[in-house]
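Inspection log for the structure reproduced underneath, given as structure tokens.
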Amino acid sequence: IDGFPRNFDNLGGWNRICGSFANVPFLLFLDCDEQVMLSRILARAEKAEVKRKDDNAETFKKRYKVYQESTMPVVEVFNTEKKYVKIEAGKFTEEAKKDQEKTIDDVYAEVKEVFVKRLNL
């Protein structure tokens, strides 16, 4: 999760403080294979004019481990609650692009409907 909540402590805090008035309609999950992510980071490091200290395999592996242990359980909570929208983000075929666009269009329509109702528009 890029943002909040990234772990169960964050999720618990969110639910305690905002749960009664800020219902999160879904989690948008960009699914990408570990090896694809690593190759993208290494490619970014190779091409970047300004180098980042964390664009390396060792840092990626540490962060990916934390992600699997701390963040994926939160993702599973949203999945169990049927508040989970998955986009395959590791493929670059025309078919994958069309699937991604359709998913985003569907999500946009759903979110728009939620906000229209909430704001009485």
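These numbers come from the heavy atoms of this one structure, side chains and all, not from hydrogens, waters or symmetry mates.
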What's the verdict on salt bridge (charged side-chain N to carboxylate O under 4.0 Å, His left out) for Glu94 and Lys98, showing C-alpha distance, side-chain angles and the deciding distance? CA-CA 6 Å; Glu94 279 304 310; Lys98 287 178 184 175; 5.6 Å; no

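The side-chain hydrogen bond (donor to acceptor under 3.5 Å, both in side chains) check on Lys86 picks up Asp31, with sequence neighbours excluded. Legend: residues meeting ring pair (Phe, Tyr, Trp, His ring centres under 6.0 Å) with Tyr84, ordered by chain and number and at least two apart, are Phe29.
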Side-chain donor-acceptor pairs under 3.5 Å in residues 48-55, sequence neighbours left out?
residue, atom, partner, partner atom, Å
Lys51, NZ, Ala45, O, 2.6
Lys51, NZ, Glu46, O, 3.4
Lys51, NZ, Ala48, O, 3.0
Arg52, NE, Asp54, OD1, 3.0
Arg52, NH2, Asp54, OD1, 3.3
Arg52, NH2, Asp54, OD2, 3.0
Asp54, OD2, Arg63, NH1, 2.9
Asp54, OD2, Arg63, NH2, 3.3
Asp55, OD1, Arg44, NE, 3.4
Asp55, OD1, Arg44, NH2, 2.5
Asp55, OD2, Arg44, NE, 3.0

Check residues 73-82 and write down every donor-acceptor pair under 3.5 Å in which the side-chain atom is one partner and the other belongs to a residue at least two apart or another chain.
residue, atom, partner, partner atom, Å
Thr80, OG1, Glu76, O, 2.9

Which donor-acceptor pairs under 3.5 Å do side chains of residues 108-116 form with protein atoms, sequence neighbours excluded?
residue, atom, partner, partner atom, Å
Glu113, OE2, Lys117, NZ, 3.4

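Interatomic distance, NZ of Lys97 versus CD of Gln100, reported as 9.0 Å (0.5 Å rounding). In this structure, the separation between CD1 on Ile41 and NZ on Lys61 is 11.5 Å, given to the nearest 0.5 Å. Taking CG from Asp99 and OG1 from Thr93, the interatomic distance works out to 7.5 Å, rounded to the nearest 0.5 Å. Of the inter-residue distances, the one linking Leu28 atom CG with Ile104 atom CD1 reads 7.0 Å to the nearest 0.5 angstrom. Put simply, CG on Leu11 and OG on Ser70 are 12.5 Å apart, with the number rounded to the nearest 0.5 Å.
Following chains of ILVMFWY side-chain contacts shorter than 4.5 Å, one can reach Leu27 starting from Met72, so the two form part of one hydrophobic cluster. Hydrophobic clustering places Phe8 together with Val24 (ILVMFWY residues linked when any side-chain heavy atoms are closer than 4.5 Å, directly or through intermediates).
Looking at every heavy atom in both residues, Cys32 comes nearest to Arg40 through SG-NH1, 3.7 Å. Residues Leu38 and Ala57 come closest through the heavy atom pair CD1-CA, 3.8 Å. Between Phe60 and Glu34, the shortest heavy-atom contact is CZ-O, 3.6 Å.
Residue pairs meeting the ring pair (Phe, Tyr, Trp, His ring centres under 6.0 Å) criterion with at least one partner in residues 30-55, sequence neighbours excluded, are absent.
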